[in-house]
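Here's the structure we're looking at; comments come further down.
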Number of protein chains: 2
Amino acid sequence: MTDKIELTAEVKQMALIAKAMSHPVRLYILKKLSTMNACCYSGDLVEELPIGRSTLSQHLKELKFAGLIQGEIEPPYIKYCLNKENWAKARELFAQLFDNQNNNALKKLNL
Amino acid sequence: MTDKIELTAEVKQMALIAKAMSHPVRLYILKKLSTMNACCYSGDLVEELPIGRSTLSQHLKELKFAGLIQGEIEPPYIKYCLNKENWAKARELFAQLFDNQNNNALKKLNL
DNA sequence: TCTATATTTCGCAAAATAACGAAATGTTTA
DNA sequence: TAAACATTTCGTTATTTTGCGAAATATAGA
């Protein structure tokens with residue numbers, strides 16, 4: 001009988017991050033925050049997305065829970081931005097999975 | 001009143017891929033198939049993973065549904081491997097999201 | 001203090017997911 | 001043909017997710 005493997009904390013963490021990314025609305029938000037390196041307000045998002053306020057709030061909560069974004073209180077708004085540290089961690093986890101060769105090439109360039 | 005955005009097919013497809021990756025067992029399988037560029041059998045997996053056969057079968061089905069793996073019948077086994085084309089597509093989608101600068105650097109190297 | 005604004009929390013319903021064991025399918029070998 | 005093996009499908013249950021509107025919270029400005 002071969003031994004059972006215990007799934008590592010790393011795999012579990014990455015699955016959590018993937019789960020946060022597994023909804024089109026959440027991915028849209030992440031894309032928006034990352035590609036322009038910008039921040040945004042819940043009110044901006046609710047105007048462009050085809051969902052209600054409370055639903056959006058839930059999605060933001062999940063992104064926060066996964067550590068991918070953070071909210072700064074900027075009365076009367078809450079400004080949401082990427083959590084850069086965790087975003088970099090996530091990038092690394094996905095690069096590791098997808099892109100071993102390319103990733104090594106990058107290291108040689110000291111980027 | 002600002003116009004609502006229709007979520008793009010690309011975002012939806014990426015969300016689907018992320019969903020397939022959002023469970024530790026499925027991520028473990030993908031990691032295994034990608035890092036050694038190997039294939040494996042359901043029987044191998046069920047021996048090392050802490051889940052039952054039918055549950056594993058469901059997970060494999062979901063990975064197939066997302067297009068990330070494919071099964072070749074090799075009696076009496078079914079050999080599961082990455083779907084390389086879709087895997088490359090997924091890599092690109094995530095690289096685009098995470099890694100714009102690095103990605104551009106790679107393109108300059110013609111890797 | 002009262003009102004308007006921005007956002008979240010609550011309570012709910014519908015749908016999807018995860019897991020299991022039993023039964024079914026299909027193939028190989030005795 | 002019968003038995004053994006690998007894997008999937010089915011039926012079920014428990015849990016989680018998604019979405020909404022109403023109510024709550026908190027702040028800003030009149």
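None of the values given here were measured: they were computed from a predicted structure. Each chain gets a letter, A, B and so on, in the order its sequence line appears, and its residues count up from 1.
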Leu97(B) vs Trp87(A) side-chain heavy atoms within contact, under 4.5 Å = yes

Tyr77(A) and Tyr41(A) aromatic ring geometry - parallel, tilted or perpendicular at 30°/60° bounds = tilted

Ionic contact status for Glu48(B) with Lys4(A), cut-off 4.0 Å | no

Could you tell me whether Glu6(B) and Lys12(B) have a side-chain N and a carboxylate O separated by less than 4.0 Å?
-> yes

Does [X] have a side-chain nitrogen or oxygen under 4.0 Å from the phosphate oxygens OP1 or OP2 of [N]?
X	N	value
His23(A)	dG19(D)	yes
His59(B)	dT17(C)	no
Arg53(A)	dC20(D)	no
Tyr77(A)	dT8(C)	no
Lys61(A)	dT7(C)	no
Lys19(B)	dT17(C)	yes

Taking for each residue the nucleotide of DNA chain D bearing the nearest heavy atom, is the 5' side occupied by Leu60(B) or by Leu56(A)?
-> Leu60(B)

Can you check side chain to side chain contact (heavy atoms under 4.5 Å, CB included) on Leu33(A) and Leu68(A), steps first, answer last?
-> CA-CA 10 Å; Leu33(A) 294 183; Leu68(A) 296 177; over 6 Å; no

Please report the shortest heavy-atom distance between [X] and [Y], naming the atom on each side.
X	Y	answer
Leu30(A)	Met21(A)	CD1-CG, 3.8 Å
Leu7(A)	Leu49(B)	CD2-CD2, 4.0 Å
Ile51(B)	His59(B)	CD1-CD2, 4.0 Å

Figure out the [atom1]/[atom2] separation between [X] and [N], and round it to whole Å.
X	N	atom1	atom2	result
Gln58(A)	dT17(D)	CD	P	10 Å
Lys79(A)	dT7(C)	NZ	C1'	17 Å
Ile69(B)	dT7(D)	CD1	P	12 Å
Arg26(A)	dT18(D)	CZ	C1'	9 Å
Tyr41(A)	dA6(C)	OH	P	12 Å
Leu27(A)	dT18(D)	CG	P	13 Å
Leu63(A)	dT8(C)	CG	P	12 Å
Tyr28(B)	dA18(C)	OH	P	19 Å

Give me the bend of the helix from dT1(C)-dA30(D) to dA30(C)-dT1(D), using the axes of the five pairs at each end, rounded to 10°.
-> 10°

Would you indicate what Glu62(B) reaches in the nucleic acid, counting non-hydrogen atoms under 4.0 angstrom: base, sugar-phosphate, or nothing?
-> sugar-phosphate

For Ser57(B), report the nucleic acid contact type (base, sugar-phosphate, nothing); a contact means any heavy atom under 4.0 Å.
-> base

Using a 4.0 Å heavy-atom cut-off, write out nucleotides 21-30 of chain D from 5' to 3' as B (base contacted by protein), S (sugar-phosphate only) or - (no contact).
-> BB----SS--

Is the number of heavy atoms from other residues, nucleotides or ligands under 6.0 Å of Glu74(B) CD greater than 12?
-> yes

Using the side chain to side chain contact (heavy atoms under 4.5 Å, CB included) rule, take Ile78(B) and Glu72(B) through it: C-alpha gap first, then chi angles, then the decisive distance, then the call.
-> CA-CA 6 Å; Ile78(B) 298 175; Glu72(B) 267 175 73; over 6 Å; no

